[in-house]
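What follows is a single structure, written as structure tokens, with notes after it.
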Amino acid sequence: MYLTLIILGLAALIDTSNQSGCYGDINRVDSTGASCQTAKPERLKYCGVPASQKIAEGDLTRMNKYKDIIKSAGRKQCVDPAVIAGIISRESHAGAALTADGWGDGGNAFGLMQVDKRYHTPVGKWNSEAHLIQGTQILVGMIKEIQRKFPRWTKEQQLKGGISAYNAGPRNVQTYQGMDIGTTHNDYANDVVARAQFYKKNGY
């Protein structure tokens with residue numbers, strides 16, 4: 001009995017330190033990374049996955065302030081914390097792109113994950129776990145919409161589609177290869193996936 005408890009305890013530790021969530025393995029999602037339109041404002045002379053990783057690296061110190069609540073929100077919603085971190089990096093540069101009271105996008109979007117007040121009623125403080133749970137619930141809703149829309153896609157394809165839909169809605173996702181057409185800078189899911197893969201390697 002005691003040995004069983006030790007094994008269960010070790011399994012729990014492994015699970016919390018390497019959360020992959022219920023919606024596929026982010027490391028198995030293909031990505032072309034950031035478009036040059038996304039990379040240029042970051043003063044990068046290159047695009048693609050290396051640009052996404054460099055931007056994510058620039059946000060890492062700020063991101064680490066929220067690591068515990070990102071992991072907690074991910075665990076509660078069964079979403080890989082690295083995916084949440086990738087969205088936070090893209091949406092708000094881990095808070096650096098927001099006003100002092102947490103607003104961005106011309107006052108339309110709130111918090112680290114930029115919940116749009118035109119479609120949702122923001123909850124919690126801009127940098128709180130309550131906010132991250134809300135943003136993650138919105139993401140999960142999008143993934144489930146894509147699962148219904150494209151039931152034959154793999155879990156990883158549906159995850160990527162859900163990330164794209166987080167930005168532009170599920171109706172915008174028409175094909176797998178073209179899912180980012182119509183998202184901000186036409187690269188949203190590809191950029192977020194590459195950033196998430198960076199955070200996965202850095203303890204998320």
State whether a side-chain donor-acceptor pair under 3.5 Å links [X] with [Y].
| X | Y | answer |
| --- | --- | --- |
| Ser35 | His185 | no |
| Tyr199 | Asn64 | no |
| Glu129 | Ser72 | yes |
| Glu42 | His93 | yes |

Donor-acceptor pair, [X] side chain versus [Y] backbone, under 3.5 Å?
| X | Y | value |
| --- | --- | --- |
| Thr136 | Leu132 | yes |
| Ser164 | Met179 | yes |
| Asn127 | Leu112 | no |
| Thr183 | Tyr188 | yes |
| Gln77 | Gly74 | no |
| Asp105 | Gly107 | no |
| Arg90 | Asp191 | no |
| Asn190 | Thr32 | yes |

- Apply ring pair (Phe, Tyr, Trp, His ring centres under 6.0 Å) to Phe110 and list each qualifying residue two or more places apart in sequence or on a separate chain.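 With sequence neighbours excluded, Phe110 shows a ring pair (Phe, Tyr, Trp, His ring centres under 6.0 Å) to Trp103, His131, given in chain and number order.
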Any [X] side-chain heavy atom under 4.5 Å of [Y] side chain:
| X | Y | value |
| --- | --- | --- |
| Ile138 | Gln134 | yes |
| Ile70 | Lys67 | no |
| Tyr23 | Val79 | yes |
| Met142 | Gln158 | no |
| Met113 | Ile133 | no |

Do [X] and [Y] sit within salt-bridge range, that is, some charged N less than 4.0 Å from a carboxylate O?
| X | Y | result |
| --- | --- | --- |
| Lys160 | Asp30 | yes |
| Arg62 | Asp59 | yes |
| Lys125 | Asp101 | no |

- Query: CG/Asn202 to CD/Gln197 distance, rounded to the nearest 0.5 angstrom?
  - Reply: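 That separation rounds to 12.5 Å.
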- Please list all pairs passing the ring pair (Phe, Tyr, Trp, His ring centres under 6.0 Å) test where one or both residues lie in residues 136-162, with sequence neighbours left out.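 Qualifying pairs, neighbours excluded: Phe150-Trp153, Trp153-Tyr176.
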- Item | Other cluster members, Tyr46 - Ile/Leu/Val/Met/Phe/Trp/Tyr, side-chain contacts below 4.5 Å |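 The other cluster members (ILVMFWY side chains, heavy atoms under 4.5 Å, direct or chained) are Leu44, Ile55.
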- Message: Which heavy atom of Ser31 sits nearest to which heavy atom of Gly33, and what is that distance?
- Response: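 Closest approach of Ser31 to Gly33: OG-N, 3.0 Å.
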- Task: Begin with the C-alpha distance, continue with both residues' side-chain angles, and end with the deciding distance and a verdict on side-chain hydrogen bond (donor to acceptor under 3.5 Å, both in side chains) for Arg195 and Ser52.
- Result: CA-CA 5 Å; Arg195 296 191 199 202; Ser52 295; 5.0 Å; no
